[in-house]
Amino acid sequence: MTKQINRQWRLQRRPVGVAKESDFEWHEDGVPAPGPGQILVRNQYLSVDPISRAWMWQEETYLPPQPLGSVMRGVTLGIVEKSNHPKFAVGATVIGEFGWQDYAITDGASDFLMPLPSSAENSPTLHLGLLGHVGMTAYFGLLDIGKPKAGETLVVSSAAGAVGSLVGQIGKLYGCRVIGIAGSDAKCSWIKDHLGFDAAINYKVESVFKRLRQYCPRGIDVYFDNVGGTTLEDVLNLLNQHARIVVCGMVSLYNDVGGTLMFPAGPNNLLNLMTKRAKMEGFVCLDYRDRAAEAMETLTAWHDAGKIHYRLTVVEGLRNAPLALGKAFDGSSTGKLVVKMS
Ligand SMILES: NC(=O)c1ccc[n+]([C@@H]2O[C@H](COP(=O)([O-])OP(=O)(O)OC[C@H]3O[C@@H](n4cnc5c(N)ncnc54)[C@H](OP(=O)(O)O)[C@@H]3O)[C@@H](O)[C@H]2O)c1
């Protein structure tokens, strides 16, 4: 009988700039056996998230730094292959932080192990995108922190990305005027013509400030920030009284920090927060785990009614996971980025 192999990507060194394949080590091991109370999961899909790059910093983010030599952290969706756990039967579909590897052992103590409904077998990627942490991020970030109201103007950056494309659509469902900022004409057409955004700005070729002034004649009430940097600065100059800025992420910074938290100089117009009585608030989707069912129920209903759409970019093979992470930063992915592992 052929011996089963567990293929893994381990973090070998802290990258400088965009992570390269040589920053990781390819490792092959035997498949471990589950102990008492544990299950063996065979990973099928890996979620590729830009924040992975920040986990590689030597400083702590909202999670401890990824230790060198360890299997790269990442959310995966897989099948239970062996079980010594009363709640997880063999064949069940589960999701959790099982890492860049074929197989993982877990008892659910520290990796957010969650069972998925049996319907997940037919649409596994839905649970890494719309009905997973991405959907929760868009839903709670926009509704709990952004608090959009009908008639208000909502701006979202990385608007053709996994989170941003959902945020804009939810904003439309709440009656907002929605302006998206994205990095290509094709992405701008997609969010405008297919997702119903009111206007789109290609930040790579247009002046974001000029276009925002044109498309937001009554100012900006809610900004859902996925990128930070100069876009945040442009938005700060156009805020309305009592505007809300949702700090979801700052993808434009993740590669620039260089191993120590030496952030480049930030926006110098934060005074606008005072003059406009505005709020800027960060959040992490994990804070909303207790309310996950609420988001899933609503997002499922919107999706089933054809009111919300999402797109996937699929990279084939665990071997290509480092390359896939690069796609989160070079603009070549649209919607949710995943690796199909086997
Ligand atoms: N707070 C939370 O709990 C939470 C949870 C999930 C995600 N997030 C954050 O939310 C943001 C979006 O996440 P996501 O998973 O949906 O990823 P995403 O938006 O799909 O990320 C990939 C896209 O980011 C854009 N991008 C890359 N580098 C950029 C740069 N330097 N400047 C501007 N845009 C750039 C690219 O699109 P373009 O072609 O448009 O440049 C790329 O296709 C990220 O900041 C992420 O870290 C936060």
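All heavy atoms count here, side chains included; hydrogens, waters and symmetry mates do not. Position 1 is the first residue of the sequence, and the numbers go up from there. We count ligands from 1, going down the list as the structure has it; atoms in each ligand are counted the same way.
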Would you say S184 and ligand 1 have an N/O pair spaced under 3.5 Å apart? no

Against heavy atoms of K187, which atoms of ligand 1 measure under 4.0 Å? 37 (O), 38 (P), 39 (O), 43 (O)

M250 neighbourhood, listing ligand 1 atoms whose heavy-atom distance to it stays under 4.0 Å: 45 (O)

Identify the protein heavy atom lying closest to atom 33 (C) of ligand 1, giving its residue, its atom name and the separation to 0.1 Å. Y203 OH, 3.3 Å

Checking D198 against K172 for the salt bridge (charged side-chain N to carboxylate O under 4.0 Å, His left out) test, could you report, in this order, the C-alpha distance in whole Å, the side-chain angles of both residues, the deciding distance, and whether it holds? CA-CA 9 Å; D198 296 284; K172 286 307 299 174; 2.8 Å; yes

Closest heavy-atom pair and its distance - L337, A328: CD2-N, 3.7 Å

Polar-atom distance check: H133 versus ligand 1, any N or O pair below 3.5 Å? no

From the candidates A182, C248, S332, the one that places a heavy atom nearest atom 9 (C) of ligand 1: C248

Among all protein heavy atoms, pick out the one at the shortest distance from atom 46 (C) of ligand 1; state its residue, atom name and that distance to 0.1 Å. Y254 OH, 3.8 Å

Below 3.5 angstrom, do we get any N/O pair linking V163 and ligand 1? yes

To the closest 0.5 Å, what do you measure between NZ (K307) and CG (L299)? 12.5 Å

Tell me whether K210 at atom NZ has more than 12 heavy atoms from other residues, nucleotides or ligands lying less than 6.0 Å away. no

Take Y203 and T230, measure what side-chain hydrogen bond (donor to acceptor under 3.5 Å, both in side chains) needs, and give me the verdict at the end. CA-CA 10 Å; Y203 73 91; T230 55; over 6 Å; no

Considering the heavy atoms of C285, write down every atom of ligand 1 situated less than 4.0 Å from one of them. 2 (C), 3 (O)

Which protein non-hydrogen atom lies closest to atom 29 (C) of ligand 1, naming both residue and atom, and how far is it? V251 CG1, 3.8 Å

Show the nearest heavy-atom pair for residues P34 and K82, with the distance to one decimal. CG-CB, 3.8 Å

Chi angles and distances behind the salt bridge (charged side-chain N to carboxylate O under 4.0 Å, His left out) call for R291, D144: CA-CA 11 Å; R291 291 174 57 195; D144 254 45; 3.0 Å; yes

What residue and atom, counting heavy atoms only, is the protein's closest point to atom 45 (O) of ligand 1, and at what distance? N226 O, 2.9 Å

Contacting atoms of ligand 1, where contact means under 4.0 angstrom from a heavy atom of F283: 1 (N), 2 (C)

Of T61, I145, T137, I51, which has the heavy atom at the shortest distance from atom 4 (C) of ligand 1? T137

Return the residue, atom name and 0.1 Å-rounded distance of the protein heavy atom closest to atom 28 (N) of ligand 1. F329 O, 3.7 Å

Would D23 and R53 satisfy salt bridge (charged side-chain N to carboxylate O under 4.0 Å, His left out), going step by step from the backbone distance to the final call? CA-CA 11 Å; D23 295 321; R53 178 62 187 83; over 6 Å; no

Could you check which of G183, A54, G161, S158 puts a non-hydrogen atom nearest to atom 40 (O) of ligand 1? G183

Residues S158, N226; criterion side-chain hydrogen bond (donor to acceptor under 3.5 Å, both in side chains); working and verdict: CA-CA 6 Å; S158 197; N226 286 318; 5.2 Å; no

Going by the angle between their ring planes, with limits at 30° and 60°, are Y139 and W302 parallel, tilted or perpendicular? tilted

Against E152, only a single residue in R177, R218, R244 fulfils side chain to side chain donor-acceptor pair (under 3.5 Å); can you say which? R244

Pull out every atom of ligand 1 sitting under 4.0 Å from any heavy atom of V227, numbered as shown with elements. 33 (C), 34 (N)

How far is atom 17 (O) of ligand 1 from its nearest protein heavy atom, and which residue and atom is that? P50 CG, 3.3 Å

Any idea which of S252, S165, G180, A328 brings a heavy atom closest to atom 36 (C) of ligand 1? A328

In terms of residue, atom name and distance, what is the protein heavy atom nearest to atom 20 (O) of ligand 1? A162 N, 3.1 Å

Within the 4.0 Å heavy-atom shell around V284, which atoms of ligand 1 are there? 1 (N), 3 (O)

Taking both backbone and side-chain atoms of G164, is any N or O found less than 3.5 Å from an N or O belonging to ligand 1? no

Which residue in the set H27, E28, Q101, E25 passes side chain to side chain donor-acceptor pair (under 3.5 Å) when paired with Q8? Q101

Give the numbers and elements of all ligand 1 atoms closer than 4.0 Å to a heavy atom of S333. 43 (O)

Just verifying a value: how many Å separate S165 OG and K187 NZ, rounded to the nearest 0.5 Å? 10.5 Å

Counting from 1 in the order shown, the ligand 1 atoms closer than 4.0 Å to a non-hydrogen atom of G249 are 9 (C), 45 (O)

Group every Ile, Leu, Val, Met, Phe, Trp and Tyr by side-chain heavy-atom contacts under 4.5 Å, then state whether Y62 and Y288 land in the same group. no

